[in-house]
Amino acid sequence: MGYAVTVGGRRVDCADGQSLLEACLRAGVWMPNSCNQGTCGSCKLQVRTGSVDHGQSPLDTLTEEERSAGLALACQARPLADVEIGASAPARATHPLRDLTATVLQIADIARDTRRVLLGLAEPLAFEAGQYVELVVPGSGARRQYSLANTADEDKVLELHVRRVPGGVATDRWIFGSLSVGEHVRAVGPLGDFHLRAEDEDGPMVLIGGGTGLAPLTGIARTALARRPDREVLLYHGVRGAADLYDLDRFAELAGAHPGFRFVPVLSHEPDPAHRTGFPTEAFLEDVVSGRGWSGWLCGPPAMVEAGVKAFKRRRMAPRQIRREKFTPAQR
Ligand code: FES
């Protein structure tokens with residue numbers, strides 16, 4: 001049966017057990033979202049009429065006072081009646097979230113404990129470079145998030161970079177365990193707001209990725225350079241050691257085609273004379289004197305993302321020009 005959700009004058013059907021966010025995105029109605037796990041708070045909204053079950057909403061993301069004031073996390077809240085919600089940003093069209101069936105085309109070990117997985121789709125997926133998909137882990141029904149390294153026109157073969165999590169149900173047991181070429185995989189996507197917008201078309205860009213946080217930045221950097229081939233784009237990849245680096249040839253080729261593009265690997269724990277040592281945010285501070293007019297993109301572990309925000313602000317980058325995607329541990 002389900003309930004009706006009204007947002008920005010649009011009415012959306014929400015199936016039983018479906019979150020407000022999923023109902024809206026499936027209907028092609030955008031609302032801010034990032035983690036889809038209740039941890040980032042970007043999907044917080046006002047429930048104007050009706051009531052919701054807050055589900056797994058953590059108290060540090062949605063306090064008791066906020067619940068009493070009618071706020072909810074769209075990614076966690078399920079309607080208990082027809083509801084009208086007021087989003088923090090005007091409703092606009094987005095690529096609809098949908099169920100995907102994909103076939104594993106290739107699994108490649110590309111770095112220490114890191115695999116590239118290529119998934120073939122029967123139907124192309126409409127998305128923006130930088131967004132992610134959730135894979136459904138067979139047997140458990142758990143979903144795990146993987147950013148797409150694709151540009152939007154690479155819409156029939158999805159490229160995922162996967163880092164092994166010791167003991168993880170998705171990586172250790174499945175993607176680094178039983179997963180094989182030819183296997184059918186269930187997924188949903190696209191999700192997330194980490195992508196280029198109309199206002200990002202100008203100015204130099206700096207992108208900093210930690211580990212497999214490189215994946216969405218790969219898609220974003222290639223998209224930006226395809227749109228403006230002479231753009232200044234600095235891409236830093238922070239890893240522990242040289243064994244964790246990958247796609248050096250891909251970025252060397254990109255730099256050959258685009259004189260404004262530079263790829264800078266930075267090793268934090270295992271120095272190597274061929275590469276810079278330290279943290280990528282420090283390397284940015286060494287290299288760039290002023291970030292005024294730049295946009296900054298961060299993807300990786302929370303500590304790296306927070307250090308990046310500080311570094312960008314130190315270089316006078318406007319806060320609204322700073323985009324971030326934190327890798328948060330899976331909650332379910
Ligand atoms: Fe809902 Fe992050 S808390 S998308």
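Just follow the structure's listing: the first ligand is 1, and inside any ligand the first atom is 1. Bear in mind the structure is a predicted one, so any value in this text is a computation, not a measurement.
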Visitor: Has the side chain of T223 got a donor or acceptor atom that lies under 3.5 Å from a matching backbone atom of G219?
Guide: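 Judged by distance alone, yes, a pair lies under 3.5 Å.
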
Visitor: Can you give me the closest heavy-atom contact between L298 and V305, atom names plus distance?
Guide: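 That would be CD1-O, 3.5 Å.
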
Visitor: Would you say N150's side chain and V157's backbone share a donor-acceptor pair under 3.5 angstrom?
Guide: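 Yes, because the side chain of N150 sits within donor-acceptor range (under 3.5 Å) of the backbone of V157.
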
Visitor: Does the separation of the ring centres of F284 and F312 fall below 6.0 angstrom?
Guide: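 They qualify: ring centres under 6.0 Å apart.
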
Visitor: Aromatic ring centroids of Y246 and H237 under 6.0 Å?
Guide: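 Yes, the ring of Y246 comes within the 6.0 Å limit of the ring of H237, centre to centre.
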
Visitor: Could you grab the protein N, O or S atoms closer than 2.8 Å to atom 1 (Fe) of ligand 1 for me?
Guide: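 Within the sphere that stays under 2.8 Å of atom 1 (Fe) of ligand 1, the protein atoms of type N, O or S are C43 SG, C75 SG.
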
Visitor: Distance alone, cut at 3.5 Å: any donor-acceptor contact between the side chains of Q76 and Q56?
Guide: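 No, no side-chain donor-acceptor pair sits under 3.5 Å.
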
